[in-house]
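One structure below.
Just so we're on the same page: letters track the sequence lines, and every chain starts at 1. All values below were derived from every heavy atom in this structure, side-chain atoms included, with hydrogens, water molecules and symmetry-related copies excluded. This one's a predicted model, so the numbers in the text were calculated from it and none came from an experiment.
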Amino acid sequence: MNIVTRFAPSPTGSLHIGGIRTALFSWAYAKKNKGKFILRIEDTDLERSTPEAVEIIKNGMKWLKLDHDGDIIFQTQRFDRYKELIQALLDQGDAYYCYTSKAELDQLRELQVNQGVKPKYDGRWRPEENKKLPGIPNNVQPVIRFKTPSNGEIHWKDLVKGEVVIKNEELDDLIIARSDGTPTYNFCVVVDDSDMKVTHVIRGDDHINNTPRQINLLKALNAPIPQYAHLSMILASDGQKLSKRHGAASVMQYRDDGYLPEAVINYLARLGWSHGDNEIFSQEQLIEWFDFDHVSSSAAQFDQEKLEWINSYYIKNKPVDELADLIKPRLLDMGVERLDTDILNNAIKLYQDREKNLNVFAGDILFFFQGIDLSAELKNKYLDEKSKNLIKAFVGEVEKLNWTNDEINKYMKEFVKEKEIKFPEIAMPLRAIIAGTDNTPSIGSIIFILGIDDVKKRISCILK
RNA sequence: GACCCCAUCGUCUAGAGGCCUAGGACACCUGGUUUUCAUCCAGGCAACAGGGGUUCGACUCCCCUUGGGGUCACCA
């Protein structure tokens, strides 16, 4: 069988981490099986869909390298097809016009809730044998409802949840076309999945309750039933539901916040799926290993700290020139005017092992490219007469050195011995003056990278 | 409320009846390396929600309870 999966977001806002994981698993499963991964934009809600949101989806997928096969499909371009099949359903008696107004529906729902029963459409316009339908009102544009089988049950073997059974009597006659004639979600999904020969429907488990409706529709349309895989939710780090206002950052926010796409992918893949004890794996390995047997059926909490750890891993292992490309724009944003490539590369090499975030990374090496403000605190802590004299003496000697990293670091040790001081007594004040902070890697290496002129400038600027 | 889903360390998870004295990772704690801070290395803390079955034997299978979550739209 030729595997076809799809990612079907609605362009109504940001693409967040939950959506991306659904896309990721669908993508991985298709790739693993040498199948097709379709990107379909579910924009039938004309009121809420926006072109900006479509861009967000495209950019997010691109950033994460989740490439889809073929062109992006927009449901709004398929209205003719939906209409055709709605008519077919009407013709074969599986759908009917319903003239109940929204107000009446609200009223009905309220009544049912008050009575403590499950709120659902009561089927007042559903044509049945020996049933007298109400008179058609004048000013109501009808919706079209699907005639859900009134008994029996729908069951399917979910790839992650196992056997799921839902009785038809739990379902009501869903609206497949609004009063303005536009088709609704459940109907479009079914038509598209069937037209596009989707074999595996992979989506969030908030769709479980839609599945029996869709299966009924599929049956009415005489279409094959795909396999279903309902993924559990991702919860915010406090265990609450992820929502726009609560922890559900847009994917692109992660880029802006200093995360690498491969780290996001790796983290997300690991959230709800596992391959033994493997924690770090590439997109290629994910494709090779992915399966539904190891997709977790319970919800997972988002853990920022683990993401950061994975991010740090990928930063440590990334080629310097690639990191430079990522960090350069960040430095520019921070106000750097001139960027020396050698200094940048060397600084990256020196700092790479200690960084877990690209933004912080840029911030940490910012001092290489612009002057620093020495805080009063550091000044008080490290700069007294003694340390100032030491620095002057040190710089006076260091500028005579053969300018290599090793020479400078070697000399620092000699200097310490000669002056009978402890290493930090010279290293810390230098850090403060040169880097504006007391947390840096080897200060000798920093001096080397910066060059003697810049170092002297910084020192005289502060010690003057 | 009805229906559906879920349940192993704080978190992500391994575990397909004996391999489990429950493993790994993040976080945390301790020690080592170190030029401060990190990195790195070594070690440590820490869990099968509860109760019934089934079985010679249950983390693993079944049932109930409890607890979490989802869905009940002319949204997707």
Q) A:V143 has a side chain; which of B:rC74, B:rU35, B:rC6 sits nearest to it? A) B:rC74
Q) Which part of the nucleic acid, if any, lies within reach of A:D45 when heavy atoms closer than 4.0 Å are counted: base, sugar-phosphate only, or nothing? A) sugar-phosphate
Q: Classify the nucleic acid contact of A:N210 as base, sugar-phosphate or nothing, counting any heavy atom under 4.0 Å across all strands shown.
A: base
Q. Considering only side-chain heavy atoms of A:N186, which listed nucleotide, B:rA76, B:rA2, B:rA16, is closest?
A. B:rA76
Q.
Determine whether the aromatic ring centres of residues A:Y185 and A:H207 are separated by less than 6.0 angstrom.
A. yes
Q: With heavy atoms under 4.0 Å as the rule, sort A:V165 into base, sugar-phosphate or nothing.
A: sugar-phosphate
Q: Please state whether the base of B:rG24 and the side chain of A:E279 form at least one donor-acceptor pair under 3.5 Å?
A: yes
Q.
Once you apply a heavy-atom cut-off of 4.0 Å, does A:N278 come out as touching a base, just sugar-phosphate, or nothing?
A. nothing
Q) What interatomic distance, in whole Å, is found between P of B:rA38 and the corresponding atom of B:rC29? A) 11 Å
**Q.** Residue mapping more 5' on RNA chain B - nearest nucleotide basis, A:V164 or A:T12
**A.** A:V164
Q | Partner nucleotide, any strand, of B:rA16 [Watson-Crick/G-U, under 3.5 Å] | A | none
(Q) Heavy atoms only, 4.0 Å cut-off, all strands: where does A:P119 land among base, sugar-phosphate and nothing? (A) base
Q.
Considering every strand and a 4.0 Å limit on heavy-atom distances, what is the contact class for A:K102: base, sugar-phosphate, or nothing?
A. base
Q.
So, under a plain 3.5 Å distance rule, would you say the side chain of A:S179 forms a donor-acceptor pair with the base of B:rC74?
A. yes
Q.
Roughly how many Å apart are B:rA46 and B:rG23, using the C1' atom of each and rounding to a whole number?
A. 14 Å
Q. side-chain contact (heavy atoms from CB on, under 4.5 Å) between A:R78 and A:D195: does it pass, once the steps are laid out?
A. CA-CA 11 Å; A:R78 293 177 40 80; A:D195 280 356; 2.7 Å; yes
Q: Determine whether any donor atom in the side chain of A:R431 lies under 3.5 Å from an acceptor atom in the base of B:rU35, or the reverse, and answer yes or no.
A: yes
Q: For A:P441, report the nucleic acid contact type (base, sugar-phosphate, nothing); a contact means any heavy atom under 4.0 Å.
A: base
Q. Do the side chain of A:S442 and the base of B:rU35 come within less than 3.5 angstrom through a donor-acceptor pair of N or O atoms?
A. yes
Q) Contact class for A:H230 (heavy atom, under 4.0 Å): base, sugar-phosphate, or nothing? A) nothing
(Q) Base of B:rG23, side chain of A:D277 - is there a donor-acceptor contact under 3.5 Å? (A) yes
Q. With a 4.0 Å cut-off on heavy atoms, is A:T100 in touch with a base, just the backbone sugar-phosphate, or nothing at all?
A. base
Q.
Under 4.0 Å, counting only non-hydrogen atoms across every strand here, what does A:K316 touch: a base, just sugar-phosphate, or nothing?
A. sugar-phosphate
Q: Looking at every strand, decide which applies to A:T440 at a 4.0 Å heavy-atom threshold: base, sugar-phosphate, or nothing.
A: base
Q: Using heavy atoms to find the nearest nucleotide of RNA chain B for A:E42 and A:W273 separately, return the residue whose nucleotide is more 5′.
A: A:W273
Q) For atom C1', what is the distance between B:rA25 and B:rU35, given to the nearest Å? A) 31 Å
Q: Under 4.0 Å between any heavy atoms, over every strand shown, what does A:I443 touch: base, sugar-phosphate, or nothing? Just pick one.
A: base
Q.
Say we look at B:rG24 and B:rA42: how far apart would their P atoms be, to the nearest angstrom?
A. 12 Å
Q) Are A:R213 and A:F146 in a cation-pi contact, defined as NZ or CZ under 6.0 Å from the six-membered ring centre and within 45° of the axis? A) no
(Q) By the definition side chain to side chain contact (heavy atoms under 4.5 Å, CB included), identify the one residue from A:D193, A:V4, A:L159 that meets it with A:H200. (A) A:L159
Q. Is the distance between the ring centroids of A:F25 and A:F292 under 6.0 Å?
A. no
Q. Shortest non-hydrogen contact from A:P226 to A:V201?
A. CG-CG2, 3.7 Å
Q.
At 4.0 Å (heavy atoms only), tell me whether A:S274 reaches a base, stays on the sugar-phosphate, or touches nothing.
A. sugar-phosphate
Q) Around A:D106, counting heavy atoms of other residues, nucleotides and ligands shown, do more than 12 lie under 6.0 Å from its CG? A) yes
Q. Base, sugar-phosphate alone, or nothing: which one does A:G204 contact when heavy atoms must sit under 4.0 Å apart?
A. nothing
